Amino acid sequence: MKAKRLGLLIVMVGISTFACAGQDTRTTPTSQSAAAPSPVDPLAAVKDHYAGKCVACHGERGEGAQVKLEDITLQVPTLREGHAVTHTDEQLVKQILDGGEGMPAFKDKLSTKEATELVQYIRREFQGK
């Protein structure tokens with residue numbers, strides 16, 4: 001009977017040793033911080049606004065194009081050069097919100113903050129600013 005108990009004890013010790021061998025039981029000192037989270041693109045959400053409200057006319061790359069809306073054909077300007085580059089941020093926000101020169105107004109669809117973020121996105125993505 002003692003031999004059975006001894007054998008069982010050896011098997012149990014072996015199993016627990018094997019089971020714990022793959023586990024890291026060390027603790028991390030509190031002075032070490034966890035890995036820093038990857039930086040979040042502050043304009044990531046703006047991509048959705050651009051895709052939903054701007055791409056149809058200005059294109060995925062902001063190149064502009066000739067666009068037919070209803071029965072009207074418009075030459076949509078590029079966002080990469082010309083007025084889009086020389087206008088101030090405030091002028092572009094006003095253009096987005098109030099529309100004009102064939103562009104529809106987006107003041108009922110975008111807040112001033114969202115329009116400002118769109119301008120920042122355009123500056124970064126299409127103008128390298």
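Any value given below was found using the heavy atoms of this structure, including those in side chains, with hydrogens, waters and symmetry copies removed. Just so it is clear, the structure is predicted and the values come from calculations on it, not from any experiment.
- Val85 and Arg80 make their closest contact through CG2-O, 3.4 Å (heavy atoms, listed as atom of the first residue, atom of the second, distance).
- At distances below 3.5 Å, at least one donor-acceptor pair connects side-chain atoms of Glu63 with backbone N or O atoms of Arg61.
- Put simply, the side chain of His58 gets close to the backbone of Pro77: a donor and an acceptor are under 3.5 Å apart.
- In this structure, Thr78 contributes its side chain and Gly62 its backbone to a donor-acceptor pair below 3.5 Å.
- With a 4.5 Å cut-off on side-chain heavy atoms, Asp89 and Thr116 do not count as touching.
- Shortest non-hydrogen contact noted between Gly102 and Leu74 is O-CD1, 3.4 Å.
- Look at Lys113 and Glu117 and you find a salt bridge, because one of the NZ, NE, NH1 or NH2 atoms lies within 4.0 Å of a carboxylate O, short of that distance.
- Cluster annotation: Ile72 is connected to Val67 through the hydrophobic network of ILVMFWY side chains, with a link wherever side-chain heavy atoms come within less than 4.5 Å.
- If you run side-chain contact (heavy atoms from CB on, under 4.5 Å) between Arg123 and each of Gln127, Gln120, Glu125, only Gln127 comes through.
- No more than 12 heavy atoms of other residues, nucleotides or ligands lie within 6.0 Å of CD in Glu101, so this atom counts as exposed by the packing criterion.
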Just do the side chain to side chain contact (heavy atoms under 4.5 Å, CB included) check on Ile96 and Glu114 with the steps written out, would you?
CA-CA 10 Å; Ile96 291 168; Glu114 290 168 329; over 6 Å; no
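- More than 12 heavy atoms of other shown residues, nucleotides or ligands fall within 6.0 angstrom of atom NE2 in His87.
- The aromatic rings of Phe126 and Tyr50 lie tilted to each other, with the angle between the two planes from 30° to 60°.
- When the side chains of ILVMFWY residues are joined at heavy-atom separations under 4.5 Å, either directly or via intervening members, Leu43 and Leu79 end up in a single hydrophobic cluster.
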Using the rule given for side chain to side chain contact (heavy atoms under 4.5 Å, CB included), can you reason through Thr73 versus Gln66, listing the C-alpha separation, both sets of side-chain angles and the distance that settles it, and then say yes or no?
CA-CA 7 Å; Thr73 300; Gln66 195 172 51; 3.4 Å; yes
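- Here the shortest heavy-atom pairing between Leu97 and Leu110 reads CD2-O, 3.6 Å.
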Could you check Lys53 against Lys109 for side chain to side chain contact (heavy atoms under 4.5 Å, CB included), going step by step and ending with a plain yes or no?
CA-CA 9 Å; Lys53 296 179 176 49; Lys109 297 174 179 101; 3.8 Å; yes
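- Lys47 NZ to Cys54 SG: the interatomic distance, rounded to the nearest 0.5 Å, is 14.5 Å.
- Within the model, atoms CZ of Phe106 and NE2 of His49 stand 12.0 Å from one another, a figure rounded to the nearest 0.5 Å.
- Connection of Val55 to Val76 is not established within any shared hydrophobic cluster, with ILVMFWY side chains joined at heavy-atom distances below 4.5 Å, either directly or through further cluster members.
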